[in-house]
Amino acid sequence: METNKTPEKQPRPGRGKLILQFLKGSKAFFIICMVCAAASALADMITPQIIRITVDNILGSSPADNLAPAVQRILAAFGGPEALRSRLWILALAVVAVALVKVAAQYGFRVTNARGGETLVKNMRDTLYNHIERLPFQWHMQNHTGDIIQRCTSDIDTTRNFISEQLTSLIRILIMLVMSVVFMIGMNVELTLIAMAPLPVIVWYSIYFHHKFRKGFQECDENEGRLSAMVQENLTGVRVVRAFGRERYERDRFGKQNTFYTNLWVKLGRLMAFFWSSADILSGVQIMLVVVFGVLFCLNRGMTAGEFIAFLSYNGMLVWPVRQLGRMISEMSKAGVGIDRIGYIMDAEEEKDEPGAKDAPMDGDIRFEHVSFAYEGCPEMLHDIDLTIPAGSTLGILGGTGSGKSTMMYLLDRLYPLPEEGGRITIGGTDIRTIRLEHLRRNIGIVLQEPFLFSRTIRENLVLTAPDLGEEEMREASRAACLDETINGFTKGYDTFVGERGVTLSGGQKQRAAIARMLTRSTPIMIFDDSLSAVDTETDAKIRAALEKRFGSATIILISHRITTLSKADKVLVLDHGSVAQFGTPAELSAQPGLYKQIEEIQSYHGEEETSGSPGAPGNKAEKNTGKEEDQ
């Protein structure tokens, strides 16, 4: 039995490397975006200086000698302060020109930011999807589908928002911080020190709350994943919920989880509200100190009105980046959780072929050599299985629930890796570990215990494994699965839409559709994992006869609880708690005491009841199933 794992809650190393991997294709957009942000910040720096010069040097009596040489040359080009005093419109135009530069920079910032953000998201989705498609079957059994979807949607958006909205503003913030301090020091060193005094407290305060935010965002993200998994599971199993009248129970269960999830965000919202309101108070105290001491310096220390106005502008530019850094730190907490959750998927190792893997012949004998296997964290499922399945023969497998029947097939198809100490499985003498995975699975046709049909037409489902299949070949596979006549009875025939997971078809129709899909490829090995349990005995016999006629040279493995299904097999393997209990021809097993004979007698007894019309006859079923196997 596989258990769902919870990813580690520790910060993941190599976040930067993962982000750089996702930034391929969007890096240029973000670089241009940051250049535009820098241009916008520089424009912000220039405007207060124009105002300062206008108030002190143009309208006031301050000499221009205290200005930078470059500024003095610009003033001289327009005739000096005296000439500009009568032509203030030039200074107004300068302010407008700087504003237009800022507007153009902001426009470039928004456009390239949007392009970069969407390219980043596309790359993240493509990378994650391609990676997930290559992850082992075992990994998918350990993780909820809903949680995986949440990581690939919500966590991607969180990461994108941090990079495009916060990280790209970092250059602008740093420029505004540095330039503001430089200009402020140039105007008044003492007032600059007073303005910067509260800043270390604000920075420390932001870092302190960063750790609290991280824990809160972690809990919210994990519970959003649980909520998504619950919704996905209930929508998928809606027929079961309705059939057993469990709507109220599921609503209450969802409501409880949703309330808990909502309360987590409310709690986090309170924490963030306290953080921002406290930061506002600290910022307000800082501004108050600058205003009070600035007025005193203007009255007693010779600070000019223009310098004071410019200083207040730069102080506002200083406080805003510091507060933005605080916001960036809180957003970094959320993005860190998101990238860690995405990293959990990316860290999972993909299925890989061993070095030197080859395309071996697949039409040889199948050999299980002392195979033992246990799912992670579970007792041993298979113990010392040792048998040979001759090429072109039919092997039947019988056993109770959890006896390891499906597990044997999962190992043969390498859906689960067989440990080195767990024995060996060979095909034609070649260890399946040394066969290329794609080649192995292309030559093993398998109908799983629970057939899955995609939300498409019947035709699209049937040709899934062979897209170039012709119409006649598709119909021939359908006839072999006793499905063609049923499909022709539908109004749209093979173009009938089957709905999610084939919900519009009956259990038997889904099984036959899955069989037909597998038969569209003439594979040398065919596995039917209890895939005839939902069809009646007569259809079962027809399908087996069609298989024998059309695929007589293929090696066929039939897993079933129905003795009649196994009666034509060359050999039957009986499993009991993961060990070989019996092995022989159906006739041999029927003549000796054991599990095979017990099941045969039980099914024969119920078959006689149905034939005689006994009041105890179980409807139209020709057998009493011993239960569906759930190896996982």
*asked:* Could you tell me if the side chain of I427 sits less than 4.5 Å from the side chain of N443, heavy atoms only?
replied: no

*Would you call E380 and S372 a side-chain contact if the rule is heavy atoms closer than 4.5 Å?*
yes

_Between CE on residue M124 and CG on residue D157, distance to nearest 0.5 Å_ = 9.0 Å

_Please check this pair: side chain of H370 against backbone of I385, looking for a donor-acceptor N/O pair closer than 3.5 Å._
no

*Would you name the heavy atoms of P379 and A374 that are closest together and state the gap between them?*
O-CB, 3.7 Å

*Before accepting this row, confirm whether a basic side-chain N of the pair D147/R151 lies closer than 4.0 Å to the acidic partner's carboxylate O.*
yes

*Between T486 and D484, is a side-chain contact (heavy atoms from CB on, under 4.5 Å) present by the stated rule, with each step listed?*
CA-CA 5 Å; T486 300; D484 186 62; over 6 Å; no

_For a quick test of reading the model, state the closest non-hydrogen atom pair linking V371 to F368 and the distance between them._
CG2-CD2, 3.9 Å

*Can a salt bridge be assigned to the pair R562 and E600 using a cut-off of 4.0 Å between side-chain N and carboxylate O?*
no

Quick one: side chains of residues 417-426, donor-acceptor pairs under 3.5 Å with protein atoms, not counting sequence neighbours, listed by atom name and distance.
| unit_1 | atom_1 | unit_2 | atom_2 | d |
| --- | --- | --- | --- | --- |
| R424 | NE | E369 | OE1 | 3.2 |
| R424 | NH2 | E369 | OE2 | 3.4 |

*Determine, step by step, whether T564 and L566 satisfy the side-chain contact (heavy atoms from CB on, under 4.5 Å) criterion, reporting the C-alpha distance in whole Å, the side-chain angles of both residues, the deciding distance to 0.1 Å, and the verdict.*
CA-CA 5 Å; T564 53; L566 306 177; over 6 Å; no

_Candidate pair V463 and T520, rule side-chain contact (heavy atoms from CB on, under 4.5 Å), full reasoning_ = CA-CA 7 Å; V463 301; T520 55; 5.7 Å; no

*Taking atom CG of D252 and atom NZ of K256, what is their separation to the nearest 0.5 Å?*
10.0 Å

*In sequence, state the C-alpha distance, the side-chain angles, and the governing distance for V447 and I527, and then conclude on side-chain contact (heavy atoms from CB on, under 4.5 Å).*
CA-CA 6 Å; V447 183; I527 301 170; over 6 Å; no

*asked:* For a 4.5 angstrom cut-off between non-hydrogen side-chain atoms, does L464 reach R517?
replied: yes

*Locate the shortest heavy-atom distance separating K405 from L398; write the atom from each residue and the value.*
CD-C, 3.8 Å

*Which distance, rounded to the nearest 0.5 Å, do you find between the CD1 of I342 and the CZ of F22?*
5.5 Å

*Which atoms form the tightest heavy-atom contact between M518 and I446, and what is the distance?*
CG-N, 3.6 Å

*Going through the distances and angles, do E250 and R253 end up as a salt bridge (Lys or Arg N to Asp or Glu O under 4.0 Å)?*
CA-CA 5 Å; E250 294 297 339; R253 181 166 166 261; 3.1 Å; yes

*Kindly say whether Q257 contributes a backbone atom to a donor-acceptor pair with the side chain of R226 at under 3.5 angstrom?*
no

_R441 (side chain) donor-acceptor with R414 (main chain) under 3.5 angstrom_ = yes

_Atom NZ of K568: over 12 foreign heavy atoms under 6.0 Å_ = no

*asked:* Nearest 0.5 angstrom please: L412 CG to L440 CG, how far?
replied: 7.0 Å

_Cation-aromatic face contact R341/Y344, 6.0 Å, 45 degrees_ = no

_Do the side chains of D126 and K122 get close enough for a salt bridge, i.e. N-O under 4.0 angstrom?_
yes

*To the nearest 0.5 angstrom, please state how far the CG atom of D359 sits from the CZ atom of R436.*
4.0 Å

*Determine the minimum heavy-atom distance between L411 and Y416, stating which atoms define it.*
CD2-O, 3.6 Å

*H131 side-chain N/O to A348 backbone N/O, donor-acceptor pair under 3.5 Å*: yes

_Salt-bridge criterion met for E438 and R442 (N-O under 4.0 Å)_ = yes

*Going by heavy atoms in the side chains, are V231 and F254 under 4.5 Å from each other?*
yes

*Got a sec: does the CD of E472 have more than 12 other heavy atoms crowding it under 6.0 Å?*
yes

*Can a donor-acceptor pair be found between the side chains of Q592 and Q582 at a distance below 3.5 Å?*
yes

_Beyond-backbone contact of S590 with T585, side-chain heavy atoms, under 4.5 angstrom_ = no

*Heavy-atom side-chain proximity of L227 to N258 below 4.5 angstrom*: yes

*Hey, are the side chains of Q150 and D155 touching, using non-hydrogen atoms and a 4.5 Å cut-off?*
yes

_T434 (side chain) donor-acceptor with D431 (main chain) under 3.5 angstrom_ = yes

_NE2 (H439) with more than 12 external heavy atoms under 6.0 Å_ = yes

_Check this for me, if you would: do E476 and R479 make a salt bridge, where the nitrogen-to-carboxylate-oxygen distance has to be below 4.0 angstrom?_
no

*With sequence neighbours left out, write down each residue that passes salt bridge (charged side-chain N to carboxylate O under 4.0 Å, His left out) with D365, or none if nothing qualifies.*
none

*Once you round to the nearest 0.5 Å, how far does CZ of F452 lie from NZ of K510?*
9.5 Å

_Strictly distance-based, threshold 3.5 Å: is any side-chain N or O of H561 a donor or acceptor partner for the main-chain N or O of G400?_
no

_Residues D529 and S406: side-chain donor-acceptor under 3.5 angstrom_ = yes

*Looking only at heavy atoms, what is the nearest atom pair of S393 and D570, with distance?*
CA-OD2, 3.3 Å

*Is there a side-chain contact between T555 and M526 (heavy atoms, below 4.5 Å)?*
no

*Given the side-chain rings of Y410 and F373, with only the six-membered ring counted for Trp, is the space between their centroids under 6.0 Å?*
no

